[in-house]
Amino acid sequence: MAVTASFLVDLEEAVSRGNPESCLRALWHATDMLIAGTYSEDQIWTFGEIIGRLAGEIETTARVRLAGTLAATNNAPFKLTRQLAFDDCIDVARPVLSQSDRLDAEALMFCAKNMSQQHLLAISKRRSVPEPLTDVLVVRGSKEVVQSAAANNGANFSNVGFLHLMRRSETDTILAESVGLRKDIPRHLFHQLIAKASEEVRQKLERERPDFGTQIHRAVVDVTGAIHARFGPASKDYFTAKRTVAKLRERGELNEDKIFEFAHFLRFNETAVALSLLCPLPIEIVERALMDKNREPVLILAKSLDLSWPTAMALLFLGAPNYRIMAGDLEKLKLDFHRLNVKTCRGVITLYRSRREEISGAPLHRALATSL
């Protein structure tokens, strides 16, 4: 490394008294050395200081080339990488924002919150986009940005992020299709998506995802004037939820406290599986009950398990559109819940199970009503 150190000293002297042409040649020489070698972080920092000084006077075309070169190497200096990512010229910033592994989470978050839509679009195309970043993209991003993020299999979305995707997909068929094709979409949100999707979107999902296209076609049923699906794609999260709840049941720990915890923290899969095991009812019936606009099925399920009002309320919020219920509606539901009788509700569930074949095609609240 003595040769490299000597070169950097000579390069520093050249920068201080060189002309633009010689500085540009020195820039590419230093960049080529940086990319080709193996260096410690301290040595990479030194290269960054020199290249940064050389790059300070170059034209946009040269900055674009430099950004594209550094975006693809793990030797890119951190400070210089950030400077290129923050460049107002998107042609400079794009390759770094979309490709560089040397750009830290803090810098990416700053760009997502403050830079242009083109900068956000570049971020949405990264090989991996963590949840905190997508939370910003789906709120602040343009239609193109959100579509890009939803179509990126390397993007990860939180429950809140998925909720924003659902809201925006209501008026965007391209986005609805991309969200519907994601393997990680929570089952209950997939239900909502199918409920609101156009026939064209459903047909596209069937064509592009033949593994569950038949399920979409057969599962869409009429529920109080809206379209709801019994089955969503068999996501990894759903099977993980089944294993988690099954273990709790084996240990005798599947109780009301767990149901409240699952529902309160919007863990729909675990909640549905837990209710299905305790009722017991088929998982698709429980899911339909939780998502039904008519809230009576949720109250009946909760009362049949002798759950408290706070737990029943958590279940109601879990299946409500955007997790919201008007105060007046909630008070009425509370009165209805307390009027229900545990023994009667258990009888309803038992009778429904015995008559499942006969009434399986009916909307759930009507099916339960016929069981009374």
Side-chain angles (χ1 to χ4, degrees), residues 20 23-24 26-36 41 44-45 47-157 161 164-165 168 172 174-175 177-179 181-182:
C23 285
L24 192 58
L27 169 68
W28 300 130
H29 189 182
T31 303
D32 290 341
M33 284 190 63
L34 173 63
I35 294 173
E41 287 296 340
I44 290 174
W45 178 87
F47 270 104
E49 291 299 301
I50 297 297
I51 294 173
R53 287 193 60 184
L54 289 167
E57 302 300 326
I58 63 177
E59 296 180 352
T60 299
T61 302
R63 292 207 317 278
V64 172
R65 175 183 167 186
L66 178 63
T69 301
L70 294 181
T73 178
N74 287 327
N75 280 354
F78 289 116
K79 179 180 176 181
L80 183 56
T81 300
R82 288 173 64 101
Q83 290 173 350
L84 294 170
F86 296 162
D87 200 297
D88 289 333
C89 177
I90 187 57
D91 290 334
V92 176
R94 182 185 294 111
V96 176
L97 289 173
S98 61
Q99 301 174 38
S100 179
D101 291 331
R102 301 282 285 180
L103 195 60
D104 60 41
E106 181 183 355
L108 285 167
M109 186 62 74
F110 178 87
C111 284
K113 291 181 177 180
N114 298 282
M115 302 298 284
S116 74
Q117 291 297 320
Q118 289 300 309
H119 288 74
L120 270 64
L121 182 62
I123 294 173
S124 74
K125 297 181 182 296
R126 291 179 66 84
R127 182 174 65 251
S128 176
V129 190
E131 290 181 3
L133 267 179
T134 56
D135 281 347
V136 177
L137 295 181
V138 297
V139 172
R140 184 169 181 262
S142 65
K143 177 184 290 189
E144 184 180 13
V145 170
V146 177
Q147 289 176 353
S148 174
N152 182 356
N153 290 330
N156 298 283
F157 294 93
H164 281 290
L165 285 179
R168 298 191 66 161
D172 186 342
I174 295 176
L175 179 60
E177 182 181 348
S178 294
V179 174
L181 289 172
R182 293 192 63 88

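Residues: numbered from 1 along the sequence shown. Remember, it's a predicted structure, so these values are computed and weren't measured experimentally. FYI, side chains are in, hydrogens and waters are out, and symmetry mates aren't considered; it's all heavy atoms of this structure.
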Task: Straight-line distance of T81 OG1 to I44 CD1, nearest 0.5 Å - done: 9.5 Å
Open item on the list: Tell me every residue that passes salt bridge (charged side-chain N to carboxylate O under 4.0 Å, His left out) with R168, counting only those two or more places apart in sequence or in another chain.
Closed with: none
Open item on the list: Set out, in order, the CA-CA distance, both residues' side-chain angles and the distance that settles side chain to side chain contact (heavy atoms under 4.5 Å, CB included) for F110 and F86, then state yes or no.
Closed with: CA-CA 9 Å; F110 178 87; F86 296 162; 3.8 Å; yes
- [ ] For N152 and S124, work out which heavy atoms get closest and say how close.
- [x] ND2-O, 2.9 Å
Open item on the list: Quick check for you: to the nearest 0.5 Å, what is the distance between D172 atom CG and E144 atom CD?
Closed with: 11.5 Å
Open item on the list: So does V64 get a backbone contact from the side chain of R94, meaning a donor-acceptor N/O pair under 3.5 Å?
Closed with: no
- [ ] Could you tell me whether the side chain of F157 reaches within less than 4.5 Å of the side chain of H164, counting heavy atoms only?
- [x] no
TODO: Could you walk me through whether F78 and D104 pass the side chain to side chain contact (heavy atoms under 4.5 Å, CB included) test, one step at a time?
DONE: CA-CA 8 Å; F78 289 116; D104 60 41; 5.6 Å; no
- [ ] List the steps and the verdict of side chain to side chain contact (heavy atoms under 4.5 Å, CB included) for N156 and V129.
- [x] CA-CA 6 Å; N156 298 283; V129 190; 6.0 Å; no
Open item on the list: Looking at D91 and R63, is any side-chain nitrogen of the basic one under 4.0 Å from a carboxylate oxygen of the acidic one?
Closed with: no
Open item on the list: With a 3.5 Å distance limit and no angle check, can you tell me whether T73 reaches the backbone of L70 through a side-chain donor-acceptor pair?
Closed with: no
Open item on the list: With a 3.5 Å distance limit and no angle check, can you tell me whether N75 reaches the backbone of L34 through a side-chain donor-acceptor pair?
Closed with: yes
Task: Least distance between heavy atoms, M115 atom then D88 atom - done: CE-OD1, 4.0 Å
Task: Heavy atoms from other residues, nucleotides or ligands near CD of E41 exceed 12 (cutoff 6.0 Å) - done: yes
TODO: Find the distance between CG (L103) and CG (L84) and round it off to the nearest 0.5 Å.
DONE: 9.5 Å
Task: Under 3.5 Å: donor-acceptor pair, side chain of Q117, backbone of R140 - done: yes
Task: T31 side chain vs L27 backbone, donor-acceptor pair below 3.5 Å - done: yes
Task: Atom pair CG (L108) and OG (S100), whose distance is rounded to the nearest 0.5 Å - done: 8.5 Å
Task: Backbone of A76 reached by a side-chain donor or acceptor of R102 within 3.5 Å - done: yes
TODO: Look up atom OG1 in T61 and atom CG in L66, then write down how far apart they are to the nearest 0.5 Å.
DONE: 12.5 Å
- [ ] Please report the closest heavy-atom contact between L121 and S148, naming both atoms and the distance.
- [x] CD1-CB, 3.7 Å
Task: Closest approach of I51 to A30 (non-hydrogen atoms, all atoms of both residues) - done: CG1-CB, 4.0 Å
Open item on the list: Strictly distance-based, threshold 3.5 Å: is any side-chain N or O of H119 a donor or acceptor partner for the main-chain N or O of D87?
Closed with: yes
- [ ] Go through the steps to decide whether F47 and M33 satisfy the test side chain to side chain contact (heavy atoms under 4.5 Å, CB included), and finish with yes or no.
- [x] CA-CA 9 Å; F47 270 104; M33 284 190 63; 4.1 Å; yes
Open item on the list: Testing the basics here: between L120 and G141, what is the closest heavy-atom pair and its distance to 0.1 Å?
Closed with: CD2-CA, 3.8 Å
Open item on the list: So which atom in L97 and which in C111 form the shortest heavy-atom distance, rounded to 0.1 Å?
Closed with: CD2-SG, 3.8 Å
Task: Approximate separation, where rounding is to 0.5 Å, of W45 CH2 and L80 CG - done: 12.5 Å
TODO: For the pair S98 (side chain) and R126 (backbone), establish whether a donor and an acceptor sit closer than 3.5 Å, ignoring hydrogens and angles.
DONE: no
Open item on the list: I'd like to check P130 versus L133 (side-chain heavy atoms, cut-off strictly below 4.5 Å). Are they in contact?
Closed with: yes
